[in-house]
Amino acid sequence: MTNLFNFADRAKRQKRSQFRWTEIILLGALIAGLLGSLMIGRFHVPLLDVVRIVLSGLPFRAAGDYDNAPWVVIEIIRLPRILLVTLCGMGLALSGATMQGVFRNPLVGPEIAGVSAGATLGGVIALMLGWASFGVVGLAFTGGLAALIAAFALANISGRASILALVLSGVIVSGFCSAIVGLLETLADPMTRLPTIVYWLLGSFVGATFEKVIVVAVVMLVAGTLLLAMRWRINLLSLSEDDATALGVEVNALRWTLMGLVAIMVAAQVSVSGGIGWVGLIVPHMARMIVGPDHSRLLPASALLGGMYLLAMDDLARVATSQEIPIGLLTSVVGTPIFAVLFWKTQARGWTNG
Amino acid sequence: MTESAVSFSGLSYAYHPGKWLFRNYSASVAKGNILAVLGPNGRGKTTLLKLLLGALKPTTGCLSINGSVAFVPQLFHVSFDYSVLDMVLMGRARKIGLFSQPTRSDEEAAIVALDRFGMAEFAGRPFHELSGGERQLVIFARTLMSEADVLILDEPTSALDLKNQSIVLDWIARLSRADGLTIILTTHHPHHALAVADEVLLMMGGSQYSCGNAAHVLTEVNLAALYGVPLRRVLFEHDGRRIETLAPVLPMIDREDTGRPTAGQIL
């Protein structure tokens, strides 16, 4: 019996102590990243000033110090943008980690199942109707979820939805949505609607405002909290369906609940910053390397890393060249080679579409 | 005698209307007993298990299961490199709420369950690095975690070497005798059924089946009819115990007549 409890102790200690430290370090790194991002840019603000300005504005904008350049740069331009970037990065990484668990495949992400393209279409329709903020999020969500359902339905035509079938269905749905977006652009009034749509489609965090931060924060907090609360259950979904059912899991109900939450979060991100690919796909891999595959730990770690990753990409987009690089391009340029390496590694290890 | 844990009557299933996989099967398994289901490929063994698990609905007939069911699938493919501890914790799915995480006491229970099968030291190891036999024991530990009353196993010995077959069969017998679990398993090995099962169901296809006490049902005549291969019941003594087993009569090369070199000569 002594032996037994030694094992119990050791396993317990391993799991618990790792849990605290890794996540605390990631959280610290994210906070450092936030402060660093507030400092850098065309207009350099020293760290102490950053801290002072952020703290002074804390209860809530006591008084606007609009004559003070550092204050304007931090409070009006950088802070909303950086918060928005972080929230979107966290949401995308959470979505990716969840989808990979639900599809039992480490090579899927929101862009692959057509969610991003569907959300984009929904957003464009909302803009055509002259809607804003929550209206855009709402229709983007509807579009994202509809695309996901369509991709699922197409993949299920053969009876057994393989991952390959789902990816191909995602391509079909994405292609259709993109075509409709193009069609709507040609139909949009070039004087009033078209500029808004084109600007929105370009996708960037340039126009970040506190209003957008609040819209996204509400969505990400509600959906993200629910997703995080159910994270252990995602482990069960990565078993075979019969097995999970026998363990007492309502497989379909859980799967659709999680996918609905993913669609909401992707829609919120798309509605404020357009399509940003490859974040939800590669960040969970990085997280898996650090904390392992257990979704209890993978989801929080993915969220923290996702915030950091998109923040770093956005910093690069802001400061790398004299002209701002669209962040969607940057995440693709960085993400695709990483994804290629991951693909090669998983294939080499004998991972098959199951 | 005792109450039945699992019973079905008039059970039929057809994937396409009119094309019956099996018809009017009836059986009942007493609590704590082992039922082995035998039959050639394609006669519906796996379908029968899916009906018992509730993954499929019977076309006709009814079945009743007293208590909760745990399932041990045949091929255990896991998409992610979960640790053994993570795998065993999944057995707690019914007890851990939708918005909850496994607690310390769940983890301790998982270690105790693993230790029952001599696998406690494997807790931190990746599940996919284990051998087939070790995986089977981990899944048994997971079953204990779920505190199920009925255990359904799909060909638990098919992917294992001889030693692990023996270990797994031994544990199946112990789970039934010591833990009072009712066990239903499918197998392609009649001698495994003879070794551990109390009752046997032979699925001959259509409306033909044979069900009852293992020793009475696993006759040479029944098995020859089932598989189309003659089998013999063999009795021998080992360590002072009388062992009864079943051996198929396989085609054998007459080595003396062929004039081919024997293995020894090749070497």
Side-chain angles (χ1 to χ4, degrees), chain A residues 1 3-16 19 100-107 163 225-226 228-251 253-254 257 284 288 292-298 346 349-354, chain B residues 46 49-50 52-56 68-87 89-102 104 107-112 114-116 119-124 126-128 139 142-143 145-146 148 151-152 154:
Chain A
M1 278 315 255
N3 244 348
L4 165 61
F5 288 107
N6 274 343
F7 287 132
D9 271 359
R10 206 183 311 154
K12 214 165 54 196
R13 230 177 292 132
Q14 249 175 16
K15 209 166 168 144
R16 297 290 156 183
F19 179 85
Q100 291 174 5
V102 170
F103 289 123
R104 302 181 206 128
N105 189 318
L107 300 179
I163 295 299
T225 307
L226 281 171
L228 281 172
M230 291 189 280
R231 65 191 190 274
W232 181 70
R233 298 248 137 193
I234 300 172
N235 282 356
L236 294 156
L237 281 186
S238 58
L239 300 172
S240 80
E241 201 162 326
D242 290 343
D243 196 16
T245 307
L247 287 173
V249 183
E250 298 277 349
V251 174
L254 182 59
T257 308
R288 219 172 271 126
D294 175 13
H295 290 83
S296 289
R297 298 190 60 201
L298 183 66
T346 47
R349 240 194 43 202
W351 211 94
T352 50
N353 42 335
Chain B
T46 304
L49 296 193
K50 286 191 175 185
L52 293 171
L53 287 168
L56 291 174
S68 61
V69 179
F71 176 54
V72 179
Q74 179 186 356
L75 282 175
F76 220 95
H77 171 79
V78 192
S79 311
F80 299 100
D81 303 343
Y82 293 125
S83 71
V84 166
L85 187 63
D86 293 335
M87 290 300 296
L89 281 170
M90 290 187 204
R92 270 282 204 258
R94 279 198 181 83
K95 301 209 165 51
I96 295 170
L98 181 59
F99 297 116
S100 312
Q101 310 296 313
R104 260 161 199 257
E107 282 180 25
E108 277 157 27
I111 301 286
V112 171
L114 277 170
D115 190 64
R116 176 79 200 284
M119 298 290 292
E121 64 196 289
F122 289 77
F127 180 74
H128 79 275
I139 300 305
R142 193 186 73 174
T143 308
M145 288 285 282
S146 70
L151 180 55
I152 293 177
D154 193 8

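The closest side-chain heavy-atom distance from B:Y82 to A:S238 is below 4.5 Å. Taking 4.5 Å as the limit, some side-chain heavy atom of A:L239 sits within range of a side-chain heavy atom of B:M87.
Only the side chain of A:L254 comes within contact range of chain B, judged by heavy atoms closer than 4.5 Å. Residue contact with chain B, scored on non-hydrogen atoms closer than 4.5 Å, involves the backbone and the side chain of A:L247 alike. B:S100 touches chain A through its backbone: at least one of N, CA, C or O sits under 4.5 Å from a heavy atom, while the side chain does not. Contact of B:L49 with chain A is not made at all, since no heavy-atom distance falls under 4.5 Å.
No more than 12 heavy atoms of other residues, nucleotides or ligands lie within 6.0 Å of CD in A:E250, so this atom counts as exposed by the packing criterion.
Distance check, rounded to the nearest 0.5 Å: CZ of A:R233 to CD1 of B:I96 gives 7.5 Å. The OG1 atom of A:T245 lies 8.5 Å from the CG atom of B:L53; values are rounded to the nearest 0.5 Å. Considering OG of B:S79 and CG of A:N235, their distance stands at 11.0 Å, rounded to 0.5 Å. For the atom pair CZ (B:R92) and CG (A:L236), the distance works out to 13.0 Å, reported to the nearest 0.5 Å.
Summarising the geometry of A:G101 relative to B:F80, their closest heavy-atom pair is CA-CE1, 3.9 Å, with the distance given to 0.1 Å. Smallest separation of non-hydrogen atoms from A:S296 and B:Q101: OG-OE1, 3.0 Å. Across every non-hydrogen atom of A:W232 and B:P102, the tightest pair is NE1-CG, 3.3 Å. Shortest non-hydrogen contact noted between A:D242 and B:F71 is CB-CE2, 3.9 Å.
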Exercise. Taking it one step at a time, do B:F99 and A:L226 satisfy side chain to side chain contact (heavy atoms under 4.5 Å, CB included)?
Worked result: CA-CA 8 Å; B:F99 297 116; A:L226 281 171; 3.9 Å; yes
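In summary, B:R142 and A:D243 engage in a salt bridge, as defined by a charged side-chain N under 4.0 Å from a carboxylate O.
Of the listed residues (A:A244, A:P293, A:G292, A:G248), the one with the most heavy-atom contacts under 4.5 Å to chain B is A:P293.
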